[in-house]
Amino acid sequence: MTLQIYNTPYKKKQPFVPVNGNNVGMYVCGVTVYDMCHIGHARSLIVFDVISRFLRKKGYNLTYVRNYTDVDDKIIARANSLGRSYKEIAEKYIDEFKIDMDILGVKPADVEPKATEHIAEIIDMVRMLEDKGLAYRAQDGSVYFSVSKFRGYGKLSGRRIEEMIAGARVDVEEQKQDPLDFALWKRSKDGEPWWDSPWSKGRPGWHIECSAMSTHFLGHTLDIHGGGRDLIFPHHENETAQSEGAFGAEFAKYWVHNGFVTIEGEKMSKSLGNFMTIRELTKEVHPEILRLLLISRHYRSPIDFSKDALHASQLALVRFYEMLDRVEKSPLRQGASPLGTVIKTFSENFDEAMCDDFNTAKVIAHLHDLTTEVNRILDNDPAVVSDDIPRLKAAMSEVSEILGILEQDPAPFLETIKRSGISDVGLSGDEIEGLIEQRNAARKARDFKKADEIRDMLKSRGIQLKDSSEGTTWEKV
RNA sequence: GGCGGCAUAGCCAAGUGGUAAGGCGACGGUCUGCAAAACCGUUAUUCUCCGGUUCAAAUCCGGAUGCCGCCUCCA
């Protein structure tokens with residue numbers, strides 16, 4: 001199956017053909033480290049985590065670069081307000097970021113460069129742009145990119161310069177020759193970090209770091225450049241202008257942009273204040289539940305985040321794990337394998353869906369189909385052919401390796417999930433077990449009235465009982 | 001004001017020219033002392049609306065309406 005990727009500037013899916021044979025370079029814009037990450041960041045990180053895992057699974061020799069923006073206005077503002085250095089703030093939030101990624105099961109990128117570690121490359125690139133007449137030095141020693149001198153500005157985001165000027169919502173800065181121009185190098189004010197440069201003691205503009213670092217690690221043409229939708233303009237547009245202006249080569253072959261996480265239909269963001277941090281949320285819900293929610297919609301569509309959506313993901317995850325648990329606990333038998341075909345079909349569908357522009361939503365549907373099939377087969381014959389267990393495990397480990405869900409042992413995972421939230425029931429586990437024993441004694445005595453009373457009482461407290469031949473189990477609903 | 005995206009059942013959601021995946025919910029059934037879970041079946045003659053292209057449209061084109069995003073820091 002050949003991989004198709006939706007390419008932002010072309011607005012359609014295209015077959016994925018890397019620039020350099022089997023070697024693939026992917027650069028994804030990471031985070032600005034001035035605060036804790038929220039669920040919107042989590043989505044982007046998880047989307048590209050899944051993409052990178054899948055590319056590797058497909059046999060590409062991937063180099064995945066994801067940067068940290070560790071010097072910027074917000075970091076400086078934060079540092080000043082806390083009386084700390086910008087460096088301390090950046091380091092603190094890089095550490096926090098790594099903890100979050102660990103919680104979410106997002107694998108580290110191959111290279112995670114920081115802007116401040118590549119000032120020399122940034123300066124070289126600005127100089128190159130200046131030499132080519134695409135950049136100019138302003139009076140204060142800042143350097144700006146001259147948008148009007150670069151042919152093709154706007155091709156990524158589908159805008160035209162005239163239209164943007166007509167829009168007239170761009171800042172007019174006195175230093176700029178044209179309101180659309182953007183800073184490559186900013187002269188530092190008092191108390192701000194600075195580096196020496198041919199123009200002024202200053203610091204890099206926001207966009208240039210990505211151009212400089214991606215080129216440094218991956219060359220002039222990236223196979224895939226990714227980030228959130230909000231980065232298309234101006235960030236990625238500006239990166240393109242700088243890189244193509246400086247090197248004369250196509251900057252990125254495929255542009256991949258993920259949709260937002262919204263809250264009641266509005267973009268989750270710091271400025272709107274409608275955000276929830278990864279850390280807060282994963283204290284209450286298992287990270288796999290969040291992960292499943294974030295991959296259960298196509299990566300380009302918005303996802304509306306809510307307790308209900310989270311709950312729906314939990315139900316789905318529990319359904320998958322229960323099926324796996326059921327298989328593991330099944331008695332074994334010899335004979336023909338009824339699961340073989342079902343598993344094979346699933347694996348093929350999985351690959352096909354992933355090749356179709358990383359359609360994880362479709363993958364989840366296939367996972368539901370697989371679950372239904374396996375349950376049906378087990379309803380018919382509760383014994384499992386011994387060879388089918390490793391087969392199913394192999395198919396599932398592919399799912400875990402690429403999607404980063406279903407990585408836990410089913411039984412303990414289910415135990416944890418089903419008993420989470422028990423604190424607001426008002427009964428301890430032992431008390432519940434005690435009541436179950438009383439009920440089972442009543443059932444044995446065929447005193448169903450009493451048995452049902454106990455069950456109804458527990459139900460009213462959110463405890464659902466489940467009788468089976470192996471005994472009675474309970475869960476918090 | 002400029003540019004772009006989206007609109008599919010009660011809800012979430014996949015589907016970009018060949019006759020509507022999947023999940024939740026609801027209802028009926030099998031199982032069960034009764035439930036729960038699991039499974040089976042039913043649940044969109046139709047994809048916001050109006051026109052057009054085509055043998056064929058949720059999918060393409062034009063228009064309307066609504067929602068969202070970007071144009072200022074954003075994942």
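Every chain is numbered from 1, with letters handed out A, B, ... down the list of sequences.
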Exercise for the section: Sort out the partner of B:rU59 for me: Watson-Crick or G-U wobble, both distances under 3.5 Å, none otherwise. Expected result: none
Below 3.5 Å is the cut-off: list the nitrogen or oxygen pairs between protein and nucleotides 6-14 of chain B, distance only.
from, atom 1, to, atom 2, distance (Å)
B:rC12, O2', A:R297, NH2, 2.6
B:rA14, OP1, A:H298, N, 3.1
B:rA14, O3', A:N359, ND2, 3.1

Handout entry: Any N/O donor-acceptor pair, A:R455 side-chain to B:rA35 base, under 3.5 Å
Key = yes
Exercise for the section: Would you indicate what A:R319 reaches in the nucleic acid, counting non-hydrogen atoms under 4.0 angstrom: base, sugar-phosphate, or nothing? Expected result: sugar-phosphate
For residues 307-318 of chain A, which side-chain N or O atoms pair as donor and acceptor with protein atoms under 3.5 Å away, sequence neighbours left out?
from, atom 1, to, atom 2, distance (Å)
A:S313, OG, A:A309, O, 3.3

Exercise for the section: Return yes if the base of B:rG4 and the side-chain atoms of A:R159 contain a donor-acceptor N/O pair under 3.5 Å, otherwise no. Expected result: no
Fill in the blank from the handout: CG of A:D356 to CE of A:M354, rounded to nearest 0.5 Å, is 10.5 Å
Practice task
Could you tell me the separation between the CG atom of A:L339 and the CG atom of A:L392, rounded to the nearest 0.5 Å?
Solution key: 7.0 Å
Practice task
Round to a whole Å and report the spacing from CZ of A:R376 to C1' of B:rA37.
Solution key: 18 Å
Exercise for the section: Classify the angle between the aromatic ring planes of A:F97 and A:Y68 as parallel (below 30°), tilted (30 to 60°) or perpendicular (above 60°). Expected result: perpendicular
Practice task
Classify the ring geometry between A:H286 and A:F413 as parallel (under 30°), tilted (30 to 60°) or perpendicular (over 60°).
Solution key: perpendicular
Exercise for the section: For A:M323, report the nucleic acid contact type (base, sugar-phosphate, nothing); a contact means any heavy atom under 4.0 Å. Expected result: nothing
Practice task
Report yes if a donor N or O on one partner sits less than 3.5 Å from an acceptor N or O on the other, where the partners are the side chain of A:N380 and the base of B:rC40; otherwise report no.
Solution key: no
